[in-house]
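Values below: all heavy atoms of this structure, side chains included; hydrogens, waters and symmetry mates excluded. Lettering follows sequence order; numbering is per chain, from 1.
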Amino acid sequence: MAPALIVARRELAGYFATPVAYVFIVIFLVLAGALTFTLGNFFGRGQADLIPFFSFVPWLFLFLVPALTMRLWAEERRLGTIELLLTLPLPQWQAVAGKFLAAWAFCGIALALTFPLWITVNVLGAPDNGVILSGYVGCLLVAGAYLALGAAVSALTKNQVVAFVLAVALCFVFAAAGSPVVTEFLDTRIPQLAEIARAVSVADRFGGFTRGVISARDILFFASFMGFFLFVNAVVLDHRKAD
Amino acid sequence: MAALIEIERLTKRFSGFTAVDDVSFTVDRGEVLGFLGPNGAGKSTTMRMLAGFMPPSAGTARICGADVVDQPVAAKRNLGFLPEGAPTYPEMSVTGFLAFTGRIRGFRGSELADRVAHAMALTQLEGVRLQPIETLSKGFKRRVGLAQALLHDPPVLVLDEPTDGLDPNQKHEVRELIRRMAPEKAIVISTHILEEVGAVCTRAIIIARGRVVVDAAPTVLEQSGRTLEEVFRGLTLGEAA
Ligand SMILES: Nc1ncnc2c1ncn2[C@@H]1O[C@H](COP(=O)(O)OP(=O)(O)OP(=O)(O)O)[C@@H](O)[C@H]1O
Ligand SMILES: [Mg+2]
């Protein structure tokens, strides 16, 4: 097994050994369910799909994912285990990748636990399950993007509150970049920036997935987004691990 | 053949002040180096640099010929390191934790189980093998950290205050263990217990304010009719004044 997977396995077990996992999962499921059925008007729409659910997930992740990542490196620092982990014979990027993979797998578990919604739409109607699957893939990619960003921020600061607030703010920038408010404002003033804003918008890319469109460009976008911030994480960690 | 531990002109500066200042020494197979000095002298900082955790501001450190900055993984493979305070993952069980470090070190299956069992036997941890580490007493936690450093039977051991917080029996056990392992390894231990130096070390380095002030065998230090404590006080109080 690659060292990254050994680290990931330990981390994932660590989530479930503490209340973090259960609090996260319960809050996620309750909020996702509540928003879908109330604001999303799940039953009233008379459509057999998960669009209302998928429209809320990125916004939930905006707050929940930074709650997960804020302690990623801060906790290792507080316990001093960072000194142990980074003096074991594994390349540093494998430790970074391992922590990221564990958090990502954990988000995957939380998403998988929303399966009752999927069962419900299949009982009530005949949804396009391909579209639903692609929506779930999109959710997972959004989670991965936010996780990579949040993890890099947590390597930057020892303070968990700072890490949380900063990660939410940065994730929000990428979530809102493509929204009409932003792009119309930029279109009238600096059109080039509006193009960039649309290109880096996590929400825009995610929209395609919820409609069942999985394009190579979107996959590439998420992959490079995660890759970039994992790289930043490794560089920052290398400079600040001993501070 | 080059010494197992080679430290050359190692220096660490923190914004404005120098915690480790131009420290050089080598440790050969069969040597047990006692690393002494007052609080804040720079012992842990030196060990962190040697273990490849803290990047040096200047100078180099090599373990079994591998530079800790340029070939970190190769250097760490030959190193057993007990960081200051013996950090461990609190929610893990003793066996779970040791198996984790063993897996990272590349052990699998029955060999992994044997290594973990052997490390627990060396540090007398069998009685608490399945207990979460956070529920252990301080001395047991330290022994878990020690077991982790010994698991892969490395040629180089760097132990930051290995006997701190241990009861007298355990202190004795750990010293015996170090003495037994000494012939095949290069060992560096830091300690504030001076009689430990006489008991297990073949050589002592006293550092004060980041500088090496003495590098000699404990027997040589004591020859002038003074105890090690008097030597230590004389050298380090003079420096601090
Ligand atoms: N990350 C850091 N940033 C700034 N200063 C530091 C840092 N780490 C250590 N120092 C300083 O470096 C000096 C040496 O610290 P070090 O921990 O090496 O001492 P020590 O010899 O191990 O002391 P002790 O016997 O108390 O363990 C101290 O003055 C300490 O405050
Ligand atoms: Mg120290």
Side-chain angles (χ1 to χ4, degrees), chain A residues 1-24 68 71-99 101-103 106 155 158 234-243, chain B residues 12 14-15 19 44-45 47-57 63 66 68-69 71-93 96-97 99-108 112 132-134 141 144-145 148-149 151-152 154 158 160:
Chain A
M1 221 189 320
L5 294 181
I6 302 170
V7 172
R9 188 176 133 181
R10 195 213 72 75
E11 283 277 314
L12 197 57
Y15 285 131
F16 288 97
T18 58
V20 174
Y22 303 100
V23 170
F24 182 97
L68 212 56
R71 47 176 288 292
L72 217 62
W73 293 107
E75 192 72 3
E76 296 268 354
R77 283 207 174 98
R78 191 176 67 76
L79 294 168
T81 44
I82 189 165
E83 202 170 332
L84 180 98
L85 181 64
L86 299 183
T87 53
L88 289 172
L90 79 168
Q92 214 153 275
W93 68 266
Q94 296 247 7
V96 171
K99 277 187 161 281
L101 285 178
F106 179 71
K158 265 183 234 186
V235 171
V236 170
L237 185 68
D238 199 37
H239 280 89
R240 319 228 20 187
K241 60 188 172 186
D243 285 1
Chain B
K12 182 72 194 179
F14 293 113
S15 51
S44 299
T45 306
M47 289 175 147
R48 282 188 187 120
M49 289 190 282
L50 176 57
F53 177 64
M54 210 178 240
S57 311
I63 291 173
V68 298
V69 177
Q71 302 150 269
V73 178
K76 286 163 187 173
R77 225 171 252 138
N78 290 314
L79 169 74
F81 179 46
L82 174 67
E84 184 169 44
T88 45
Y89 292 105
E91 78 281 356
M92 298 182 93
S93 69
F97 175 74
F100 165 68
T101 63
R103 265 186 217 109
I104 296 251
R105 293 189 181 283
F107 300 116
R108 299 284 176 277
L112 178 68
I133 295 174
E134 63 193 339
K141 282 183 190 150
V144 176
Q148 163 275 127
L151 184 100
H152 51 302
V158 176
D160 201 345

**Student:** Taking all non-hydrogen atoms of both residues, which atom of A:Leu85 and which atom of B:Tyr89 are closest, and how far apart?
**Tutor:** CB-OH, 3.8 Å
**Student:** Kindly check if the number of other-residue, nucleotide or ligand heavy atoms within 6.0 Å of CZ (A:Arg9) is above 12?
**Tutor:** no
**Student:** Given side chains that start at C-beta, do those of B:Arg103 and A:Arg10 come closer than 4.5 Å, heavy atoms only?
**Tutor:** no
**Student:** Please classify the contact of A:Glu75 with chain B as side chain, backbone, both or neither, using a heavy-atom distance under 4.5 Å.
**Tutor:** neither
**Student:** Can you tell me which portion of B:Phe14 sits under 4.5 Å from chain A's heavy atoms? Options are side chain, backbone, both or neither.
**Tutor:** neither
**Student:** Looking at every non-hydrogen atom in both residues, tell me the closest pair between A:Lys241 and B:Phe53 and how far apart they are.
**Tutor:** CE-O, 2.8 Å
**Student:** Are any non-hydrogen side-chain atoms of B:Pro87 and A:Leu79 less than 4.5 angstrom apart?
**Tutor:** no
**Student:** If you measure from CG on A:Leu90 to NZ on B:Lys76, what distance do you get to the nearest 0.5 Å?
**Tutor:** 7.5 Å
**Student:** Out of A:Ala17, A:Pro3, A:Gly80, return the one with the most heavy atom pairs under 4.5 angstrom to chain B.
**Tutor:** A:Gly80
**Student:** Taking all non-hydrogen atoms of both residues into account, name the closest pair between A:Glu83 and B:Glu84 and its distance.
**Tutor:** OE2-N, 4.4 Å
**Student:** Tell me, side chain or backbone of B:Pro83 under 4.5 Å from chain A's heavy atoms, or both, or neither?
**Tutor:** both
**Student:** Which heavy atom of A:Thr87 sits nearest to which heavy atom of B:Ala51, and what is that distance?
**Tutor:** CG2-O, 3.5 Å
**Student:** How long is the gap from CZ on B:Phe100 to CG on A:Leu84, to the nearest 0.5 Å?
**Tutor:** 7.5 Å
